Peer 1: 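Please read through the structure below; I'll follow up with questions.
Just so we're on the same page: letters track the sequence lines, and every chain starts at 1. As the structure is a prediction and not an experimental result, all values here were calculated from the model.
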Protein chains: 2
Amino acid sequence: MVVSRTYGQLCPIARALDVVGERWTLLVVRELLLGPKRFKDLMARLPAMGTNRLSDRLKSLERDGVIAKRILPPPGEAHVYVLTDAGERLRPAVLCLATWGLERPVDERMDPRTARAELLALVRCGLAPPELTRGAHETYEFQIGEERFHVLVNDGDATPRSGSAPFAPDVTIVCDIPTLLMLDSGQITPARAKRERLARIEGPAAAVRRAFEIFSRKHVTDTLRVVPG
Amino acid sequence: MVVSRTYGQLCPIARALDVVGERWTLLVVRELLLGPKRFKDLMARLPAMGTNRLSDRLKSLERDGVIAKRILPPPGEAHVYVLTDAGERLRPAVLCLATWGLERPVDERMDPRTARAELLALVRCGLAPPELTRGAHETYEFQIGEERFHVLVNDGDATPRSGSAPFAPDVTIVCDIPTLLMLDSGQITPARAKRERLARIEGPAAAVRRAFEIFSRKHVTDTLRVVPG
DNA sequence: CCGGATCCGTAACGATACTG
DNA sequence: CAGTATCGTTACGGATCCGG
């Protein structure tokens, strides 16, 4: 049995790190912020962890009430891991760290093949101003290389989720990662990408525009503040 | 030489954790968010680290541009560690984690003797709404048990710092930790604490009121959001 | 005394193989 | 598919030692 090391300090920061401060733990949370996942789904996204480490982390996160293990109703009966409410409340902290990480230089130890569009979506959706999607209720599906994810927009709130949309999406965007990054950084316009057959983009113009505004790098360069809601 | 383990992922969260994800690292940053510190000051606040671990962390944080080593002008010539601008930008992330940590249950492994008033101040100042101190320019000095720290208020911004104020403060508050926690939670009013000789409180009424409003638990119970500035 | 560096036993990690 | 078991390697924690 593993009794994880704690700081033993009566300080909120140390208390948080006692739960999510160990290696890999926040990356597991990161994956679950994109929706429920099975063991193999997590393993596929965090292969360097090893099955034993993932197993350890899932157990202690469950013990600490950050995640829960659910069994899907038949047919299927797969078990999936889900964030609890407490786990979902880690989203601001994860996004703050991500914002800080964005300005870090990329060094040669980072493998470009680990780049994933849904992780970009996680950050962009979290940082998009609510006004952008106020009053809108729609779904965008992205097919980026082998990846499938969708974004649920619900009146000021945009949450990304792994996998295809569970129903017909309002907008569908199909391209590869380099093209998405060019669209993201504004190096190419959606119209031009479509014209040059780099991307397939379908859906009502207004919704498509909102989808690309969420994926706009400019929101990120703004200073991040922490404010009571 | 220690070449710290990295995740090697091209993801902003993993990039951030590559720098501040190792054990103790964010706690060192936490201490430096309260102002520049000498090696022994850090050691006194993080004794469980051991001098070697602290030395390792300071070196890698300096290499990564999060902290810098400064030599104070004579007399003194002490060397201190300071956060760089990049390090200072970790404040929102640290405060987000603290907010999450506040709602974690306290278990028996946490030593009550590690409780420190200046850490409470770090969280409270970070979470206080700017409107509270808009237009105010003043300094509060706290003498809590053996601890000395002060809060610099500057038009909407309140930053706590370890040690006595470098000049005569506008407000002086002297008490022990239990009393401060009671004041913090609203179990006792400043007026009553003063009357019962539990605290010595000096300064203009308006400034004293502001000082205690920053130290008000209610700001923390609000939901925390991350918004572009 | 301050600011470390060195040494060493233990716990966590990473890779792989194995099992219900 | 969803994990355990095993094992060599790395990081951590405590103590001691050393140069300024």
Peer 1: Report yes if at least one side-chain N or O of A:Lys40 is closer than 4.0 Å to OP1 or OP2 of D:dA2; otherwise report no.
Peer 2: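 No, because none of the side-chain N or O atoms of A:Lys40 sits under 4.0 Å from OP1 or OP2 of D:dA2.
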
Peer 1: Quick one: which residue pairs count as a ring-ring contact (aromatic ring centres under 6.0 Å, His included) with a foot in residues 102-128 of chain A, not counting sequence neighbours?
Peer 2: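 Qualifying pairs: none.
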
Peer 1: Provide, to the nearest angstrom, the distance between the CE atom belonging to A:Met43 and the P atom belonging to D:dT4.
Peer 2: 13 Å

Peer 1: Looking at C:dG4, C:dC13, D:dA2, which one has an atom nearest to any side-chain atom of A:Glu22?
Peer 2: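 Closest of the options to the side chain of A:Glu22: C:dC13.
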
Peer 1: Rounded to whole angstroms, how far apart are NZ on B:Lys69 and P on C:dC2?
Peer 2: 16 Å

Peer 1: For residues 166-182 of chain A, dump all side-chain donor-acceptor pairs below 3.5 Å to protein atoms at least two apart in sequence or in another chain.
Peer 2:
residue	atom	partner	partner atom	Å
A:Asp170	OD2	A:Thr139	N	2.8
A:Asp176	OD1	A:Thr179	N	3.1
A:Asp176	OD1	A:Thr179	OG1	2.5

Peer 1: Measure the distance from CG on B:Leu46 to C1' on D:dG13 and round it to the nearest whole Å.
Peer 2: 14 Å

Peer 1: Phosphate oxygens OP1/OP2 of D:dA2: is one of them under 4.0 Å from a side-chain N or O of A:Lys37?
Peer 2: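 A:Lys37 to D:dA2 OP1/OP2: no side-chain N or O under 4.0 Å.
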
Peer 1: Just to verify, what does B:Tyr140 make a ring pair (Phe, Tyr, Trp, His ring centres under 6.0 Å) with, not counting sequence neighbours?
Peer 2: none

Peer 1: Taking atom C1' of D:dA2 as reference, at what distance in whole Å does atom CZ of A:Phe39 sit?
Peer 2: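 Value for this atom pair: 6 Å.
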
Peer 1: Return a table of donor-acceptor pairs under 3.5 angstrom between the side chains of residues 110-118 of chain A and protein atoms on other chains or two or more places apart.
Peer 2:
residue	atom	partner	partner atom	Å
A:Asp111	OD1	A:Arg113	N	2.9
A:Asp111	OD1	A:Arg113	NE	3.1
A:Asp111	OD2	A:Arg113	NE	3.1
A:Asp111	OD2	A:Arg113	NH2	2.8
A:Thr114	OG1	A:Asp111	O	2.5
A:Thr114	OG1	B:Leu10	N	2.8
A:Arg116	NH1	A:Glu31	OE2	2.9
A:Arg116	NH2	A:Glu31	OE1	2.8
A:Arg116	NH2	A:Glu118	OE2	2.6
A:Glu118	OE1	A:Ser162	OG	2.7
A:Glu118	OE2	A:Arg45	NE	2.8
A:Glu118	OE2	A:Arg45	NH2	3.4

Peer 1: Using a cut-off of strictly less than 4.0 Å, decide whether A:Tyr81 has a side-chain nitrogen or oxygen near OP1 or OP2 of D:dG3.
Peer 2: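 Affirmative; the distance criterion is met.
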
Peer 1: Mind calculating the distance between CD1 (B:Ile67) and C1' (C:dG3) to the nearest angstrom?
Peer 2: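 So the CD1-C1' distance, B:Ile67 to C:dG3, works out to 14 Å.
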
Peer 1: Going by salt bridge (Lys or Arg N to Asp or Glu O under 4.0 Å), name the residues that satisfy it together with B:Arg148, two or more places apart in sequence or in a different chain.
Peer 2: none

Peer 1: Given atom CZ of A:Arg38 and atom P of D:dG3, what is their separation to the nearest angstrom?
Peer 2: 10 Å

Peer 1: Under the ring-ring contact (aromatic ring centres under 6.0 Å, His included) definition, can you give me all pairs with a residue in residues 6-58 of chain B, not counting sequence neighbours?
Peer 2: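 Pairs touching residues 6-58 of chain B that pass the test: A:Tyr7-B:Trp24, A:Trp24-B:Tyr7.
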
Peer 1: A:Leu54 CG to D:dA2 C1': how many Å, rounded?
Peer 2: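 After rounding, the gap between these two atoms is 10 Å.
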
Peer 1: Show every ring-ring contact (aromatic ring centres under 6.0 Å, His included) that has at least one partner inside residues 63-104 of chain A, sequence neighbours left out.
Peer 2: none

Peer 1: Between A:Thr99 and A:Leu95, is there a donor-acceptor pair closer than 3.5 Å when you use the side chain of the first and the backbone of the second?
Peer 2: yes

Peer 1: In whole angstroms, how far is the C1' atom of D:dA2 from the CG atom of A:Leu42?
Peer 2: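 For the pair A:Leu42 CG and D:dA2 C1', the rounded distance is 12 Å.
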
Peer 1: Please convert DNA chain C into dot-bracket. A pair counts if it is Watson-Crick or G-U wobble with both distances under 3.5 Å; crossing pairs go in [ ] and bases paired with another strand get |.
Peer 2: ||||||||||||||||||||

Peer 1: So, A:Thr84 side chain and A:Ala68 main chain: donor-acceptor pair closer than 3.5 Å or not?
Peer 2: no

Peer 1: Output a table of nitrogen or oxygen pairs between the protein and nucleotides 14-18 of chain C separated by less than 3.5 Å.
Peer 2:
residue	atom	partner	partner atom	Å
C:dG14	OP1	A:Arg23	NE	2.8
C:dG14	OP1	A:Arg23	NH2	3.2
C:dG14	OP2	A:Trp24	NE1	2.8
C:dG14	N7	A:Arg53	NH2	3.1
C:dA15	OP2	A:Ala48	O	3.2
C:dA15	N6	A:Asn52	ND2	2.2

